[in-house]
> 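Before anything else, here's the structure in question.
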Amino acid sequence: MPNPPQHAFTLLELVTVIAILAILVTMGVPAFQQFSQKQAVSAALHSLHSDLLLARSRAIYEDELVVACPGSAAPGCSEGAAWEDGWIIFTDNNGDRTYDSSETLIRSGMPIEQMAIRSSSGRRDFRFYPNGSTPGSNGSITFCGPGGPTLARKLVISNLGRIRRDQATNIDASKCAQP
């Protein structure tokens, strides 16, 4: 009985396959990194955007003043404009823009790593009135991660309370989070 023919790779074929894989990986890793960084900014933007929409809806449907500010439930609103450490949304029964234990905590946003999230200098917090408006000047919250200014995005909150997403332009690269 004759032996069946044996099939194997030659050294040249193996080297060729490894070279092609190396080229594909070299081209694919940077593209995947940029995609990953873009998705991280998008996820953070979506999280805060949906929470701000919740704040506005709650103000309208419950006919109450609702505040969204950077901070956490225990100490309340923080003094700065940095939102990456988390944020809170609460009903402001006494109108002092400060979270008290007697007020209803609607949402508490989790900290977001490797991301710089900053509100504009004039608008540290946002108050949503029962008609859905946010008095004062228009405000924005900028999201900038390790991808740098080219991947930066922002939320723009108008006086009418409308919230839209936009590209962030003219951002200093030093204000973006570093990996």
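In what follows, residues are counted from 1 in the order of the sequence shown. These numbers were taken from a predicted model, which means no experiment stands behind them.
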> Does a side-chain heavy-atom distance below 4.5 Å link Arg56 with Thr134?
no

> Is it true that, when you exclude Glu13 itself, more than 12 heavy atoms of the residues, nucleotides or ligands shown sit nearer than 6.0 Å to its CD?
yes

> May I ask whether Leu54 and Leu105 are part of the same hydrophobic cluster, defined by side-chain heavy atoms of I, L, V, M, F, W, Y residues being less than 4.5 angstrom apart, directly or through others?
no

> Can you list the residues that meet the salt bridge (Lys or Arg N to Asp or Glu O under 4.0 Å) rule with Asp166, with sequence neighbours excluded?
Arg164

> Nearest 0.5 Å please: distance from the CZ atom of Arg153 over to the CD1 atom of Ile171.
9.5 Å

> Name all residues meeting the salt bridge (Lys or Arg N to Asp or Glu O under 4.0 Å) criterion together with Arg97; count only those two or more places apart in sequence or in a different chain, and write none if there are none.
Asp125

> Go through Glu84 and Glu113 one step at a time and tell me if the side-chain contact (heavy atoms from CB on, under 4.5 Å) criterion holds.
CA-CA 7 Å; Glu84 66 266 14; Glu113 295 179 12; over 6 Å; no

> Tell me which one of Ile141, Leu48, Leu155, Val156 satisfies side chain to side chain contact (heavy atoms under 4.5 Å, CB included) with Ile163.
Leu155

> Please give me the minimum heavy-atom distance between Leu65 and Gly95, naming the atom from each residue.
CD2-CA, 4.0 Å

> If you apply the rule side-chain contact (heavy atoms from CB on, under 4.5 Å), what do you find for Leu45 with Lys154, and how did you get there?
CA-CA 7 Å; Leu45 184 108; Lys154 69 179 174 180; 5.7 Å; no

> Rounded to the nearest 0.5 Å, how far apart are OG of Ser42 and CD of Gln37?
13.5 Å

> Going through the checks in order, is the side-chain contact (heavy atoms from CB on, under 4.5 Å) test met by Val67 and Ile89?
CA-CA 6 Å; Val67 174; Ile89 298 171; over 6 Å; no

> Which pair of non-hydrogen atoms, one from Gly80 and one from Pro70, has the smallest distance, and what is that distance?
O-CG, 3.6 Å

> Among residues two or more places apart or on two chains, list those pairs meeting salt bridge (charged side-chain N to carboxylate O under 4.0 Å, His left out) that have a residue in residues 36-51.
Asp51-Arg107

> According to ring pair (Phe, Tyr, Trp, His ring centres under 6.0 Å), does anything in residues 93-146 pair up with another residue at least two apart or in another chain? List the pairs.
Phe90-Tyr99

> Is it the case that atom CD in Gln34 sees more than 12 heavy atoms from other parts of the structure closer than 6.0 Å?
no

> Determine whether a donor-acceptor pair (N or O, by modelled atom type, separation under 3.5 Å) exists between the side chain of Asp85 and the backbone of Gly71.
no

> Ignoring hydrogens, what is the shortest heavy-atom contact between Pro130 and Asp63? Give both atom names and the distance.
CB-OD1, 3.0 Å

> Would a hydrophobic clustering, with Ile, Leu, Val, Met, Phe, Trp and Tyr connected at side-chain separations under 4.5 Å, put Met115 with Leu52?
yes

> Ignoring hydrogens and angles, tell me if any N or O in the side chain of Ser36 forms a donor-acceptor pair with the backbone of Phe32 under 3.5 Å.
no

> Just verifying a value: how many Å separate Arg124 CZ and Ser119 OG, rounded to the nearest 0.5 Å?
8.0 Å

> side-chain contact (heavy atoms from CB on, under 4.5 Å) between Ile88 and Cys77: does it pass, once the steps are laid out?
CA-CA 7 Å; Ile88 56 173; Cys77 295; 4.3 Å; yes

> Could you give the distance from OG (Ser120) to CG (Asn138), rounded to the nearest 0.5 Å?
9.0 Å

> Could you work out, with side-chain hydrogen bond (donor to acceptor under 3.5 Å, both in side chains) as the rule, every residue matching Asp100, not counting sequence neighbours?
Asn94

> Any sub-3.5 Å donor-acceptor pair from Ser47's side-chain atoms to Ala43's backbone N or O?
no

> Atom CG of Asp96 and atom CG of Asn93: how far apart are they, to the nearest 0.5 Å?
9.5 Å

> Indicate the atoms forming the closest heavy-atom contact of Asp92 with Glu103, along with that distance.
OD1-OE2, 3.1 Å

> With clusters defined by side-chain heavy atoms of hydrophobic residues (ILVMFWY) lying less than 4.5 Å apart, directly or transitively, does Leu151 cluster with Ile117?
no

> Checking Glu64 now: which residues fulfil salt bridge (Lys or Arg N to Asp or Glu O under 4.0 Å) with it, not counting sequence neighbours?
Arg58

> Atom OG in Ser133, atom CZ in Arg127: separation rounded to 0.5 Å?
9.0 Å

> Take a 6.0 Å sphere around CZ of Arg162 and say whether it holds more than 12 heavy atoms from other residues, nucleotides or ligands.
no

